[in-house]
Amino acid sequence: VAGVRPRWLLRVNLWLAFLVVVIGGAGALALYREGWGGHLGEWVAGRSLWTGIPRLLGVLVVASSLAFPRATWRLVRRSRRPARLLLRHARRTYQRWPLHRFIWQGGVALARLPWRGWRRWRRGEAVPLWEVEPPAPVTVRERRSPRTAPGTPESPPPRPEGVGPAVRRSAQSLGGWALPDLALLAQREERTVSEEENLEKARLIEETLAEYNIEVTVEEIRPGPVVTLFGLVPGWVRKVREVRERDKDGRPKVDKNGRPIITQVEQKTRVKVDTILQREKDLAMALAAPSIRFEAPVPGESFIGLEVPNSQPSVVTLRSVMESEEFRQAQRKGNLPIALGKGSGGEVVVADLTDMPHLLIAGATGSGKSVCINAILCCLLMQFTPFDLRLLLTDPKRVELTPYNGIPHLVRPVVVESEEEVPLLRALIHEMKERYKRLESAGVRNIQGFNAKAQSPREKMPYLVVVIDELADLMMSAPVDVEQSLCRLAQLGRAVGIHLIVATQRPSVDVITGLIKANFPSRISFAVSSQVDSRTILDGAGAEKLLGKGDMLFLPVHLPKPKRLQGVFVSDEEVNHLVEHWRSQKGVPVPPLDLAIPPAGEEDELLERARALAQRHGRLSVALLQRKLGIGYPRAARLLERLEEEKTPGASPSDRQEGDKDEEE
């Protein structure tokens with residue numbers, strides 16, 4: 001009895017009900033009419049079948065429930081969700097009714113009449129009962145994240161919504177650091193395009209192509225937050241050919257008038273994909289769209305994708321993506337999951353930073369590049385404590401990433417001076433070498449194996465995410481040093497948990513070189529100004545047709561073609577709430593991460609080579625050192641200053657001016 005499944009119990013009930021109604025009801029009614037059965041037959045059968053059938057069904061349900069109590073309880077428990085959905089739908093339908101506010105207020109007023117009259121009669125007031133005050137407006141209190149007061153005993157933090165089990169275990173083992181609640185993030189209602197509008201667009205697509213003798217059928221419509229994907233299946237090119245009929249001997253057949261019998265044979269060939277792609281501008285004019293984009297073919301599908309902008313775009317929030325089932329599955333499987341946005345068909349897109357393992361972002365001003373960086377940082381701060389994740393941020397513009405100053409995840413305050421970035425990259429290389437030494441001593445291959453052997457949170461090796469907001473400024477100061485340092489970090493940093501996120505506004509070949517592109521396989525491109533920039537960042541066209549404001553093309557390492565997404569939006573208020581949550585906590589001190597520039601032998605080697613150049617040429621200049629040593633301007637200037645302090649011949653200011661004149665000549 002305990003092993004009976006609810007669906008089998010339901011089937012047995014239905015079959016027994018059928019048998020009882022057909023056989024038992026008719027038989028009981030016949031016996032009762034013949035005088036058999038007495039009072040029991042009268043109660044069961046009743047005067048007619050309309051009263052007897054409900055009674056028989058009630059007896060059947062009660063008997064089966066008593067016979068199979070556990071299965072009945074499981075069936076009732078599983079039916080609560082449909083009932084709840086039905087009640088929710090009824091409530092929303094009632095709220096959309098224009099008179100529901102008046103009915104509600106009138107009901108509240110009538111309910112309060114006796115109580116208000118009784119209180120006024122007790123106070124001796126002669127006030128009519130129908131003077132009822134309107135109900136006070138209902139205010140919703142803002143949910144605040146729990147804060148840990150100083151001096152209180154450590155307790156496991158509350159379970160945050162939408163956070164995977166791996167993150168919850170980590171948060172519970174690091175006393176004093178509580179992960180933020182998803183209530184800190186805003187939640188907005190997403191707009192949806194009506195089905196009638198999409199069907200009208202599908203009809204226009206078919207009719208427009210039919211005017212050019214191109215037969216297509218819109219087989220699928222996938223509405224998204226900003227664009228809607230229409231699946232076009234190519235039709236047939238139909239041609240009619242006249243063929244003379246022949247007999248068995250091969251002679252042409254003739255009719256009674258002696259004329260040859262001619263039949264028409266239809267020949268069909270598939271419409272070529274390139275024929276459809278050539279009508280892009282005609283479709284854009286017919287649909288009154290600023291720009292459309294073809295995806296031919298859609299990966300994993302047998303149709304051509306046509307992305308048409310929606311008349312009312314919707315905003316994709318970070319909270320909506322983090323609450324999705326796809327993000328929770330990524331948390332259970334991955335190490336550094338990040339929420340990117342929603343695809344053109346409305347599907348949630350989540351990536352893992354450890355699989356990328358580095359990310360290159362490009363886009364024009366105002367296209368959503370800085371918002372994407374803030375969304376990635378906020379997504380990581382919502383999941384990891386300072387023991388699991390450390391951040392190193394550079395912001396030459398001084399306004400995009402400086403609000404994160406003061407959070408415990410930062411290795412050092414946000415770097416805003418361009419002169420500090422090149423030495424910082426060398427310090428990162430030194431930190432990477434030290435981490436490899438720790439992996440070697442522990443006998444493991446990567447950071448996951450090292451953290452699995454750690455006995456306490458303080459012994460773990462945290463992930464280090466480095467964000468460089470503007471690569472073009474960095475490449476202008478020292479292109480050779482920056483390119484070599486970034487490529488070395490990108491090649492070896494994955495195993496020790498160092499991941500790079502590099503962004504630039506100018507995706508030209510002198511900024512994003514071939515060596516940098518080879519070491520950054522995962523890329524994101526927002527709207528750019530020309531097709532040349534799109535080919536530089538994505539190795540293909542398409543980014544110049546994007547709509548801006550978070551519309552992007554994501555090219556992961558495992559896909560051959562980029563995927564169109566609408567990136568998540570994070571407002572300044574959400575960033576401030578999240579930063580204030582981490583600033584207000586007083587947890588266990590985090591082990592410091594020393595990124596001081598080591599007195600490496602590389603500087604001494606360059607200094608020796610500079611002395612040799614001074615002896616060979618007799619005079620030195622910054623340009624000469626840059627060209628001969630292959631270094632940037634800041635390092636060449638520092639070498640020249642050190643040679644001046646040592647009073648090296650040829651490095652004096654007068655010799656330097658003469659050397660500059662010679663270089664100009």
Side-chain angles (χ1 to χ4, degrees), residues 358-378 380-381 390-407 409-429 431 464-490 493 498-513 515-517 519-520 523-529 533 536-537 570 572 575-576 579 595-597 622 626 631-638:
H358 312 286
L359 184 61
L360 183 61
I361 305 175
T365 303
S367 59
K369 175 173 55 63
S370 299
V371 176
C372 178
I373 295 176
N374 284 322
I376 292 175
L377 292 177
C378 291
L380 293 175
L381 292 176
R390 306 301 299 274
L391 298 175
L392 181 61
L393 311 179
T394 63
D395 183 16
K397 292 185 289 188
R398 299 173 179 264
V399 293
E400 296 293 342
L401 302 179
T402 49
Y404 294 97
N405 278 327
I407 62 175
H409 299 76
L410 289 182
V411 177
R412 53 180 299 174
V414 179
V415 180
V416 296
E417 299 293 340
S418 301
E419 293 80 8
E420 301 180 7
E421 295 184 7
V422 179
L424 197 59
L425 291 177
R426 296 200 303 270
L428 282 172
I429 295 176
E431 171 67 19
L464 180 58
V465 177
V466 182
V467 178
I468 300 176
D469 190 17
E470 187 52 54
L471 181 61
D473 294 344
L474 199 57
M475 293 292 289
M476 290 174 60
S477 60
V480 179
D481 294 344
V482 171
E483 184 180 19
Q484 293 178 355
S485 301
L486 286 179
C487 293
R488 193 172 183 184
L489 287 171
I498 298 178
H499 302 279
L500 305 177
I501 300 176
V502 180
T504 181
Q505 293 182 358
R506 186 163 56 95
S508 56
V509 293
D510 57 341
V511 176
I512 305 177
T513 62
L515 195 58
I516 291 178
K517 287 174 60 177
N519 290 280
F520 285 80
R523 305 163 201 164
I524 290 177
S525 177
F526 292 90
V528 294
S529 57
D533 294 341
T536 302
I537 181 67
V570 179
D572 296 339
V575 174
N576 295 333
V579 170
L595 287 182
I597 302 176
V622 176
Q626 284 183 265
I631 59 178
Y633 180 84
R635 184 180 290 189
R638 287 196 302 270

Item to complete: Test side-chain contact (heavy atoms from CB on, under 4.5 Å) on Leu377 and Ile501 and set out the steps.
Response: CA-CA 10 Å; Leu377 292 177; Ile501 300 176; 5.8 Å; no

Discussion item. If we ignore hydrogens and angles and just use 3.5 Å, is the side chain of His358 paired with the main-chain N or O of Phe520 as donor and acceptor?
Written reply: no

Fill in: Flag, side chain of Asp395 to backbone of Leu401, donor-acceptor distance under 3.5 Å
yes

Distance-only donor-acceptor pairs under 3.5 Å for side chains of residues 365-373, two or more places apart:
residue: Thr365; atom: OG1; partner: Gln505; partner atom: OE1; Å: 3.3
residue: Ser367; atom: OG; partner: Ala364; partner atom: N; Å: 3.4
residue: Ser367; atom: OG; partner: Ala364; partner atom: O; Å: 2.7

Practice prompt. Using side-chain hydrogen bond (donor to acceptor under 3.5 Å, both in side chains) as the criterion, list what pairs up with Asn374, not counting sequence neighbours.
Written response: Tyr404

Fill in: Lys517 side chain vs Val509 backbone, donor-acceptor pair below 3.5 Å
no

Worksheet item: Residues two or more places apart in sequence or in another chain: which of them pass side-chain contact (heavy atoms from CB on, under 4.5 Å) with Ala362?
Response: Thr504, Pro507, Ile537

Worksheet entry | Under the side-chain contact (heavy atoms from CB on, under 4.5 Å) test, residues paired with Glu421 that sit two or more places apart | Thr394, Pro396, Val415, Leu474

Worksheet item: To the nearest 0.5 Å, how far apart are CD1 in Ile361 and CG in Asp469?
Response: 9.0 Å

Practice prompt. To the nearest 0.5 Å, tell me how far Met475 CE sits from Ile468 CD1.
Written response: 11.0 Å

Discussion item. If you compare all heavy atoms of Val528 against all heavy atoms of Gly363, which two are closest, and at what distance to 0.1 Å?
Written reply: CG1-CA, 4.3 Å

Worksheet item: With sequence neighbours excluded, what pairs up with Arg390 under the side-chain hydrogen bond (donor to acceptor under 3.5 Å, both in side chains) test?
Response: none

Worksheet item: Say you draw a straight line from CG of Leu425 to CG of Leu489; how long is it, rounded to the nearest 0.5 Å?
Response: 6.5 Å

Discussion item. To the nearest 0.5 Å, what is the distance between CD1 on Ile524 and CD1 on Ile376?
Written reply: 5.5 Å

Fill in: side chain to side chain contact (heavy atoms under 4.5 Å, CB included), paired with Leu392, selected from Leu424, Ile498, Val467
Leu424

Worksheet entry | Residues which pass salt bridge (Lys or Arg N to Asp or Glu O under 4.0 Å) with Asp481, listed by chain and number, not counting sequence neighbours | Arg635

Response to the item:
The salt bridge (Lys or Arg N to Asp or Glu O under 4.0 Å) partners of Glu420 (sequence neighbours excluded) come to Arg412

Fill in: Set of residues satisfying side-chain hydrogen bond (donor to acceptor under 3.5 Å, both in side chains) with respect to Gln626, sequence neighbours excluded
none

Practice prompt. Working to the nearest 0.5 Å, report the span between CD1 of Ile429 and CD of Gln484.
Written response: 9.0 Å

Practice prompt. Look only at the side chain of Asp473 and the backbone of Ser477, and say whether a donor-acceptor pair between them is shorter than 3.5 Å.
Written response: no

Worksheet item: Of the non-hydrogen atoms in Asn519 and Cys487, which two are nearest, and what is the gap between them?
Response: ND2-SG, 3.7 Å

Worksheet, complete the sentence: Applying side-chain hydrogen bond (donor to acceptor under 3.5 Å, both in side chains) to Glu483 and not counting sequence neighbours gives Thr513

Worksheet item: Who pairs with Arg398 by salt bridge (Lys or Arg N to Asp or Glu O under 4.0 Å), at least two apart in sequence or on another chain?
Response: Glu417

Worksheet entry | salt bridge (Lys or Arg N to Asp or Glu O under 4.0 Å) partners for Asp510, two or more places apart | Arg506

Worksheet entry | From Tyr633 atom OH to Glu419 atom CD, the distance as rounded to the nearest 0.5 Å | 10.5 Å

Item to complete: State, with a plain yes or no, whether a side-chain heavy atom of Val575 is found less than 4.5 Å away from one of Cys378.
Response: yes

Worksheet item: Step by step, would you call Val422 with Val482 a side-chain contact (heavy atoms from CB on, under 4.5 Å)?
Response: CA-CA 7 Å; Val422 179; Val482 171; 4.1 Å; yes

